[in-house]
Each structure stands twice: as structure tokens, then as C-alpha cells.
Amino acid sequence: MLQPQGRNLQASARAPSRIGCSRDLHYAIGQLRSRGGAWLLQPGCRAAGDAASAREAAAGAMAAPSPGPREVLALSPEAGCRASTSSSGRRGLLWRLRERQSRLGLFEVGPEHELHPLTCMMQAGLWAAIQVSMDHPPTGLPTEEDFAEVLTQVHEGFELGTLAGPAFARLRRSLGLAEEDYQASLGPGGPYLQFLSTSKSKASFFLSHDQRFFLKTQRRREVRALLTHLPRYVQHLQRHPHSLLARLLGVHSLRVARGKKKYFIIMQNVFYPTGRISERYDIKGCEVSRWVEPVPEGSPLVLVLKDLNFQDKTINLGPQRSWLLRQMELDTAFLRELNVLDYSLLMAFQHLHEDEKGLGSSLIFRTARSMQGVQSPEEVEAQNRRLLPDAPNALHILDGPEQRYFLGLVDLATVYGLRKRLEHLWKTLCYPGRTFSTVSPARYARRLCQWVEAHTE
């Protein structure tokens with residue numbers, strides 16, 4: 001396993017005395033610009049209330065084991081949200097109504113929310129962490145140290161750690177994701193969003209305010225597995241640029257006051273853009289605990305349904321079906337090699353408008369975009385590339401004759417170790433003759449591929 005290595009950056013600081021948050025007064029958590037030492041107030045938070053109470057509330061929500069020694073940095077970059085402040089003042093009523101409509105079923109983590117102090121710290125910490133990546137972008141060839149580095153930044157009342165920062169910065173760059181856009185989405189420009197999860201885990205789930213990125217808390221052992229597999233994960237994405245694996249964009253730790261560390265990951269939201277999505281599913285290819293009671297018709301709640309909710313339905317992909325079956329084989333074979341199980345195939349449906357059907361006039365652009373970096377026709381076949389749609393988040397979108405499908409493999413951190421082997425034995429006794437998720441990685445991969453083959457046409 002790669003061992004973390006700390007990185008120390010020095011900066012002088014004058015810390016603000018209090019930290020609080022409010023979307024009504026567009027002030028901010030004060031942060032130091034490492035080059036100038038000047039404090040600014042960012043949009044999204046205001047200096048109000050007792051910082052101790054905010055830290056106490058967040059500490060209760062973030063208790064977790066603390067691995068190893070911590071590396072301490074005095075670094076807190078200048079707030080960079082002045083542009084978003086000026087642009088938000090120009091937003092009209094139509095823009096706000098359209099944004100509200102796209103957030104149906106989601107809940108703003110506002111000042112009244114119990115996790116509001118926590119998300120404010122995450123936003124301020126991530127803004128500063130991404131600024132370091134922008135000021136010191138990785139250069140040269142990737143090294144083992146890129147995957148082992150741990151950068152810890154000290155803020156007022158909390159510390160945020162960035163694990164394998166250079167490796168993830170390279171990955172984001174390879175995806176064409178600008179660091180400025182990544183920072184604007186995850187920083188204090190707007191409140192994080194929360195949704196009702198049907199997951200049995202105790203993890204917390206958030207979306208960035210623009211819904212482009214998904215944040216999820218993780219156990220320490222899951223983070224350890226992700227970082228151990230990270231070099232091979234990056235290699236797999238290089239070999240198969242159109243892979244269905246969710247794009248993992250960052251792994252971080254957060255320690256509030258003198259509390260224990262909690263870990264969270266950031267990845268691209270498979271269900272983006274969300275505007276016209278009608279149904280969402282989380283598929284594991286089994287039946288035990290795989291039913292979700294649907295919400296009443298007309299309810300604003302958005303639930304992710306499961307396998308048993310999908311009975312008697314099919315995915316009509318037309319000529320794209322052969323590509324999907326092949327890519328499922330490649331991706332699940334990779335996860336089997338990592339000894340990973342319990343991952344999910346996320347799916348969502350969106351009806352295509354008439355002008356969106358077929359290849360359209362953007363064929364040349366789509367072909368150039370899909371074949372970028374290809375050296376030969378043999379390489380296209382080996383990498384299992386396809387013609388990407390002309391849409392945001394194209395790597396997770398497949399267009400059938402009538403529907404647009406959002407597809408992605410997520411939750412890639414569960415290893416088939418002793419704990420899961422014992423769980424397999426217990427479930428075998430409890431559910432004789434029924435299928436459940438805790439099986440060997442080989443069987444899990446084969447079963448999920450069979451489910452996709454049986455439910456597509």
C-alpha cells in the first residue's frame with residue numbers, strides 16, 4: 001500500500017474570530033491569500049454567532065477514526081468568489097425559477113440545517129485546497145509520490161486534508177475539467193444540496209450547488225482501499241477512456257476542532273444534467289433488500305429506485321447495446337481483479353426531443369471529440385470507444401432511439417475481505433434460494449453483466 005506523505009506550505013495568517021453561515025447576507029468565511037496575507041469575506045457565509053457552537057455541531061456529525069499522524073499547514077487562500085457575487089446580482093427571475101425547478105426533490109443545506117456548519121467548512125476547505133492545485137499544478141511525468149501525498153490545511157476551527165492531490169489534479173485535467181470551474185462548483189458560491197438516499201449505509205450525501213459534483217462521506221477502510229487501487233484505476237481509465245466507472249475527482253479528510261477525522265470523496269454526478277430525468281435506479285443484480293416504496297404521484301421527492309422496481313422494464317439502446325455489454329465486461333473484469341464487490345450500476349431515463357434524436361449536424365464535432373488522442377483504428381477497438389453525444393457529462397450518457405440513458409458504475413471501495421466473507425455465510429443461511437449482494441467478486445461481476453444483457457435490447 002502506498003503510504004501518505006505530508007507536504008508543508010508556509011503562509012502568514014490573521015484568522016477571523018468567528019465562523020458562521022448564511023445565504024441571506026452574502027458574506028463569507030475569511031480566508032488568507034497565501035501570497036498577500038489579506039483577509040476577504042466570501043459569498044455564502046457570514047461572520048456571526050459563536051464559532052464554538054458551529055464546531056461542536058459539526059464535530060458530532062463527523063466522528064470517525066483518525067488514521068496516522070497528521071501534517072499541519074498554515075495555508076488558506078484568498079476567497080475567489082467576487083465573480084460569482086457580481087454575476088448572482090444579475091440573475092433574473094426566470095433564471096431563479098429554472099434553477100428551483102431543476103432542484104425538485106433536493107434540499108438546500110441552509111442555516112437551519114443541522115449539517116450547515118459542516119458543509120460551510122467543507123466549502124471553505126475545498127476552495128483553499130483547489131487553489132493550491134491551481135497555484136502549484138503537477139508537472140512532468142506522474143510519480144509514486146503523486147499518489148502518496150497528503151496536504152493538510154489549517155483553518156479557523158478545522159483542518160482539511162487532501163489525499164493524493166497531484167494524482168487527482170492530473171486526472172481532472174485529463175477529463176478536460178478546469179480547476180477554476182471545479183473550485184467554483186465546490187466552494188462557497190452556493191449552498192450544497194442534499195437528497196433522500198435509499199442507501200443502507202450511514203454515509204452523508206451532498207451535491208454541489210450546480211449539481212455537477214457528488215460528495216459522499218466514506219469509512220476509513222474504504223478510503224484506504226480507494227487510495228490503494230488509485231494507480232490501477234487511473235491506468236484503467238487511460239486504457240478505456242469511455243469507461244462506465246464513475247470519475248473519482250478527489251479524496252479528503254476533515255477534522256473539526258479536536259475531533260476525529262472524517263473522510264469524504266468527490267466524483268462527477270452520473271445524473272447530470274438533471275433537468276428532464278424521469279426515473280432513477282440503483283442496480284446490483286440481486287433481489288434481497290432491492291425494493292424501494294415509490295413516492296406518491298405528484299410528490300416533489302426524488303427517490304433512486306432499485307432492482308425489483310425495474311421488473312418488466314427494458315433499456316432500448318439500439319446499436320449502442322453491443323458497446324454497453326462489452327464495456328460492462330471490461331469494467332467489471334477490472335473490479336473483479338481488484339477483489340471489489342457491492343458496486344452499483346446507476347441508471348436514469350430522459351425522453352429525447354425530436355431534434356435530439358439521431359446523429360444530427362454535430363457528427364463531425366462528436367467524432368473528433370470521441371477519437372481525441374487515438375493513434376490507430378486498432379486502438380479504437382482495443383479501448384472500446386464510442387461516438388459520444390454532444391452533451392455535458394457525455395461519458396455517462398448513451399442515446400437510444402427514443403430515450404437518453406445516464407449510466408455509471410459507483411461505490412467501488414468494498415473489498416471482499418474477512419468481514420464480507422462472514423457476511424456471505426450469514427446471508428446464505430438467512431436467505432436460502434435468494435440472490436443477495438454479498439457474493440464473491442467473480443460471481444458479482446458475472447451476475448451484473450447478465451442483468452444488463454437481460455434488460456437491454
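Side-chain atoms are counted along with the backbone in the values below, which use heavy atoms only and exclude waters and symmetry mates. Here, residue 1 is the first one in the sequence, and each next residue gets the next number.
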Kindly state whether the ring of Tyr233 and the ring of His236 have centres lying under 6.0 angstrom apart. no
How about Phe206 and Phe214: are their ring centres within less than 6.0 Å of each other? no
Under 3.5 Å, is there a donor-acceptor pair linking the side chains of [X] and [Y]?
X      : Y      : value
Tyr343 : Lys284 : no
Gln403 : Gln350 : no
Gln194 : His113 : yes

Aromatic ring pairing Tyr281/Phe349, orientation class (parallel under 30°, perpendicular over 60°, tilted between): tilted
Tell me, which pairs form a ring-ring contact (aromatic ring centres under 6.0 Å, His included) where one or both residues lie in residues 409-434, sequence neighbours left out? His424-Phe436
Looking at Asp282 and Lys306, is any side-chain nitrogen of the basic one under 4.0 Å from a carboxylate oxygen of the acidic one? no
Just to verify, what does Glu180 make a side chain to side chain donor-acceptor pair (under 3.5 Å) with, not counting sequence neighbours? none
Pairing residues for Asn269 by the side chain to side chain donor-acceptor pair (under 3.5 Å) criterion, not counting sequence neighbours: none
Pairs meeting criterion side-chain hydrogen bond (donor to acceptor under 3.5 Å, both in side chains) with involvement of residues 161-174, two or more places apart: Asp146-Arg170, Thr162-His252, Arg172-Glu179
Would you list the atom pairs, donor with acceptor, under 3.5 Å between side chains in residues 450-457 and any protein atom, with sequence neighbours excluded?
{"residue": "His455", "atom": "ND1", "partner": "Trp451", "partner atom": "O", "Å": "2.8"}
{"residue": "Thr456", "atom": "OG1", "partner": "Arg321", "partner atom": "NE", "Å": "2.9"}
{"residue": "Thr456", "atom": "OG1", "partner": "Val452", "partner atom": "O", "Å": "2.7"}

Distance-only donor-acceptor pairs under 3.5 Å for side chains of residues 406-414, two or more places apart:
{"residue": "Asp411", "atom": "OD1", "partner": "Lys216", "partner atom": "NZ", "Å": "2.9"}

